[in-house]
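Below: the structure, in C-alpha cells.
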Amino acid sequence: MVRRVWQVCFELGLILFGIILVSATSALFEGQTFSLHRFFVVLMDVGEELLTPQAIIYENPSSGEERSLFPIIFLAYWSSIRIFFLALVISILLSTILLIGYYSLGEYFRKGIQTVGFLIGGLPDLFVIALFQLGIVWYFKQTGILILDVASVGENQVILLPAITLCILPTFFFFTNMIVFLKDEEGKPYIELAKSKGLGRFTILFSHTIRNVLISLTYHGKQIVWMMLSNLLVLEYLFNVFGVTSFLFSYNQPSIFAITSILLFIPLYLVLKSLQALIGKKIGKEMSL
C-alpha cells in the first residue's frame with residue numbers, strides 16, 4: 001500500500017514537471033532563433049509564478065485590461081469539467097441502452113445498428129460536432145421549436161447541448177467495443193456454465209458478462225479521455241462556452257498554460273488511478289491504465 005502511494009506521488013511529480021517544461025517550450029524560439037537561454041528564463045518564471053498563483057494576472061488582448069487569474073479560472077474550469085463528466089456519464093448510459101437494444105433485436109437489426117455504430121465512430125470528430133449543431137439549428141428553423149440553447153450568452157452558459165454533442169463519439173466507441181468484447185466473452189466457460197444452469201440471456205449479460213466488458217473498456221481509459229479533451233476545445237469555441245480550454249486558447253501565457261493543464265490532468269489522472277485500484281482489487285491482480 002505504501003509502495004503504491006509513493007508510486008502515485010512520483011508519477012504526479014513527473015506529470016507536474018512535464019507540464020511545467022511543456023509550458024515553457026514556446027520560449028525556445030525567440031523570433032526565428034533557437035534560444036535555450038530564453039527557455040530557462042521562462043521556465044524559472046513559470047516555477048516562481050506557480051509558487052504564488054494568487055499573484056498571476058492575465059491581459060485582455062482587446063481591451064488591454066489586466067485581471068487576476070483567480071478566481072475566474074475556477075468558473076471556466078467548472079464549466080469544462082461539468083461538460084466533460086456529464087458527457088462521459090451520458091455516453092456510458094447510451095451505450096448500455098444501445099447494447100440492450102442490440103441484444104433484444106433480431107440479427108438483421110443487429111447488423112444495421114453495428115454498421116451505423118462503426119460508420120459514426122469512423123467519421124471525423126469535427127464533422128460530427130458541426131453536423132449535430134447544424135441539425136439543432138435546422139430543426140428550429142423548420143418548426144420554430146428550440147430544443148436546446150445552441151450557444152452561451154453572457155452568464156447563461158450552455159452545458160447540456162455541448163455535453164450531448166461531446167458524448168456522441170465516446171458512445172459509439174463504447175458500444176462498438178462492447179460488442180467486440182462480448183463476442184470474446186461468449187465462448188468462455190463461465191458463460192456456458194451459466195447457460196447450463198438455465199439463466200436467461202439478460203441475466204447472464206448484466207450479472208456476469210457486462211462486468212468483465214466494463215473492465216476491458218477501462219483499459220481504453222486514456223484513449224477515451226484524450227478523445228474527449230481534444231473535442232472539448234472545439235465544442236467550447238462553437239458553443240461560445242467560457243471553459244478552461246477556450247480560456248487557455250485566448251490567454252496563452254506559459255503560467256496560465258501550466259495551471260490550466262494541472263487543473264485538467266491531475267483530477268483525470270486521479271480518477272484513472274482510482275479505477276485502476278478498484279479494478280485491480282476486483283480481479284485480484286494489478287493492472288495499468
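Remember, it's a predicted structure, so these values are computed and weren't measured experimentally. Only this structure's heavy atoms are used, side chains among them; waters, hydrogens and symmetry mates stay out.
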Inset, instruction - Looking only at non-hydrogen atoms, find the nearest pair between Ala87 and Ala163 and report the distance. - result: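 Answer, listing the atom of Ala87 first, then Ala163: CB-O, 3.3 Å.
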Inset, instruction - Grab the two heavy atoms, one from Ile92 and one from Thr96, that are nearest each other, plus how far apart they are. - result: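 Heavy atoms of Ile92 and Thr96 come nearest at O-OG1, 2.7 Å.
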Legend entry - Those residues that, when tested against Phe39, pass ring-ring contact (aromatic ring centres under 6.0 Å, His included) (two or more places apart):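 Applying ring-ring contact (aromatic ring centres under 6.0 Å, His included) to Phe39 gives none.
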Are [X] and [Y] in one and the same hydrophobic cluster, where Ile, Leu, Val, Met, Phe, Trp and Tyr link if side-chain heavy atoms are under 4.5 Å apart?
X	Y	answer
Met44	Ile20	no
Val41	Leu43	no
Phe257	Phe17	yes

Show me the side-chain donor-acceptor pairs of residues 166-174 shorter than 3.5 Å, one per line, residues at least two apart or across chains.
unit_1 : atom_1 : unit_2 : atom_2 : d
Thr171 : OG1    : Cys167 : O      : 2.6

Any chance you could measure [X], atom [atom1], to [Y], atom [atom2], to the nearest 0.5 Å?
X	Y	atom1	atom2	value
Ile164	Ile159	CD1	CD1	11.5 Å
Ile224	Leu229	CD1	CG	12.0 Å
Leu21	Leu16	CG	CG	11.0 Å

Legend entry - Within residues 255-269 or reaching into it, pairs that qualify as side chain to side chain donor-acceptor pair (under 3.5 Å) - sequence neighbours excluded: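 Qualifying pairs, neighbours excluded: Glu11-Tyr269, Glu49-Ser255.
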Inset, instruction - Find out whether Ile15 and Ile262 are in side-chain contact, i.e. whether some heavy atom of one side chain is under 4.5 Å from a heavy atom of the other. - result: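 Ile15 vs Ile262: side chains apart.
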Legend entry - Stepwise side chain to side chain contact (heavy atoms under 4.5 Å, CB included) check, Leu88 with Val225: CA-CA 9 Å; Leu88 185 61; Val225 167; over 6 Å; no
Would you please name every residue forming a side-chain contact (heavy atoms from CB on, under 4.5 Å) with [X], sequence neighbours left out?
X	result
Ser80	Leu232, Glu236, Val244
Phe70	Pro53, Ile73, Phe74, Ile259
Ile81	Tyr77, Trp78, Phe85
Val42	Ala24, Ala27, Arg38, Val46, Pro254

How does the hydrophobic cluster around [X] look, that is, which other residues are in it when side-chain heavy atoms under 4.5 Å mark a link?
X	answer
Phe10	Leu14
Ile57	none
Leu93	Val89

Inset, instruction - Go through the steps to decide whether Leu264 and Thr245 satisfy the test side chain to side chain contact (heavy atoms under 4.5 Å, CB included), and finish with yes or no. - result: CA-CA 9 Å; Leu264 278 174; Thr245 58; 4.1 Å; yes
Legend entry - Pairing residues for Ser23 by the side chain to side chain donor-acceptor pair (under 3.5 Å) criterion, not counting sequence neighbours: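 Side chain to side chain donor-acceptor pair (under 3.5 Å) check on Ser23 returns nothing, list empty.
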Legend entry - Residue list, side chain to side chain donor-acceptor pair (under 3.5 Å) with Thr165, at least two apart or on another chain: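 Thr165 satisfies side chain to side chain donor-acceptor pair (under 3.5 Å) with no other residue.
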Legend entry - Test side chain to side chain contact (heavy atoms under 4.5 Å, CB included) applied to Val241 and Leu235, step by step: CA-CA 8 Å; Val241 175; Leu235 279 170; over 6 Å; no
